[in-house]
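One structure is given here, and the rest of the page talks about it.
Source: prediction; values computed, not measured.
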Amino acid sequence: MTNKKGFSLIEVLVALLLTTIGVLGMVALQGRSIQYTQDSVQRNTAVELANNLIEIMRANPSSLFIKVPPKFPMNSGIINNSIFFKESGQALNNRQACVTNDTTIPKTAKELRDCWAETVETMLPGGADVFDSDVHVCRSSIPGTCDDKGSMIEVQLAWQTREGACLDTVDTNATVCTYTVRVEL
């Protein structure tokens, strides 16, 4: 009898197969991780931009409410045609280019709104292409519906991504991702 030592060719091939499957799994995991990271960065940008607009609205109540302090004791009644409102598929009313330099900064509600819109188009991927069609700011009593009712303000921002990379939709062919927030001012 001979004592055989070492590995047979079959054992080496099985080990190689298992190692290859493990490496391929890690490569797929890395790719998915990058996709999730990109989506997270874009969502965080959208959250910050939506919060900026909400703060601009809060800082300019006379452009949003019918009656405002100090002349009246509290804000009342949201203006239906506020300069901040925009429905999906429409452009912002009377929008002009944001003018900022060392001596000029936006001061009025309209100037702040226009600079905010320019920032949205610049900071979100493909933002300029989807700003008119998929972004909205409106009164909404039902989530996802601009019905000019109720006291909730809905802000929806959108950006473009490659097909299937939008993680907030069940449509695997979607190329436009959205972030929506509803607040009561």
Atom pair [atom1]/[atom2] of [X] and [Y] - distance to nearest 0.5 Å:
X	Y	atom1	atom2	result
L157	C177	CG	SG	12.5 Å
N94	I83	CG	CD1	9.5 Å
I56	C115	CD1	SG	8.5 Å
L49	M123	CG	CE	5.5 Å
R58	L53	CZ	CG	11.0 Å
N60	L64	CG	CG	9.5 Å

May I ask you to test the [X]-[Y] pair for a side-chain heavy-atom distance under 4.5 Å?
X	Y	answer
P125	Q160	no
L13	L17	no
V137	M57	yes

Do the side chain of [X] and the main chain of [Y] share a donor and acceptor less than 3.5 angstrom apart?
X	Y	value
S33	L29	no
E55	N51	no
D39	Q35	no
S82	F84	yes
E11	S8	yes
R182	E154	no
D148	R139	no
S40	Y36	no
D114	C98	no

*Return yes when atom CG of L24 has more than 12 non-hydrogen atoms of other residues, nucleotides or ligands closer than 6.0 Å, and no otherwise.*
yes
Under a single-linkage definition using a 4.5 Å side-chain heavy-atom cutoff for Ile, Leu, Val, Met, Phe, Trp and Tyr, are [X] and [Y] assigned to the same hydrophobic cluster?
X	Y	result
I153	I54	yes
M152	Y179	no
I78	L92	yes
L185	V47	yes

Heavy atoms only: give me the nearest [X]-[Y] pair and the separation to one decimal.
X	Y	answer
T19	A15	OG1-O, 2.8 Å
E184	S151	OE2-OG, 2.5 Å
A50	V155	CB-CG1, 4.2 Å
V176	A158	CG1-CB, 3.9 Å

*Is K86 positioned over the aromatic face of F131, cation under 6.0 angstrom from the ring centre and no more than 45 degrees off axis?*
yes
*Would you mind checking if R95 and E121 are paired as a salt bridge, meaning a charged N to carboxylate O distance below 4.0 Å?*
yes
*With side chain to side chain contact (heavy atoms under 4.5 Å, CB included) as the test, would you mind laying out the steps for Q90 and H136 before giving the verdict?*
CA-CA 8 Å; Q90 296 180 352; H136 69 252; over 6 Å; no
*asked:* Looking only at the side chains, is there a donor atom on one of D134 and S88 sitting less than 3.5 Å from an acceptor on the other?
replied: no
*R162 and T175: side-chain donor and acceptor closer than 3.5 Å?*
no
*Verdict with reasoning, Q156 to T178, per side chain to side chain donor-acceptor pair (under 3.5 Å)*: CA-CA 7 Å; Q156 176 178 294; T178 59; 4.7 Å; no
*Kindly determine whether F85 and N93 satisfy side chain to side chain contact (heavy atoms under 4.5 Å, CB included), including the steps that lead there.*
CA-CA 9 Å; F85 294 162; N93 292 331; over 6 Å; no
*Stepwise side chain to side chain contact (heavy atoms under 4.5 Å, CB included) check, V68 with F65*: CA-CA 6 Å; V68 296; F65 295 103; 3.7 Å; yes
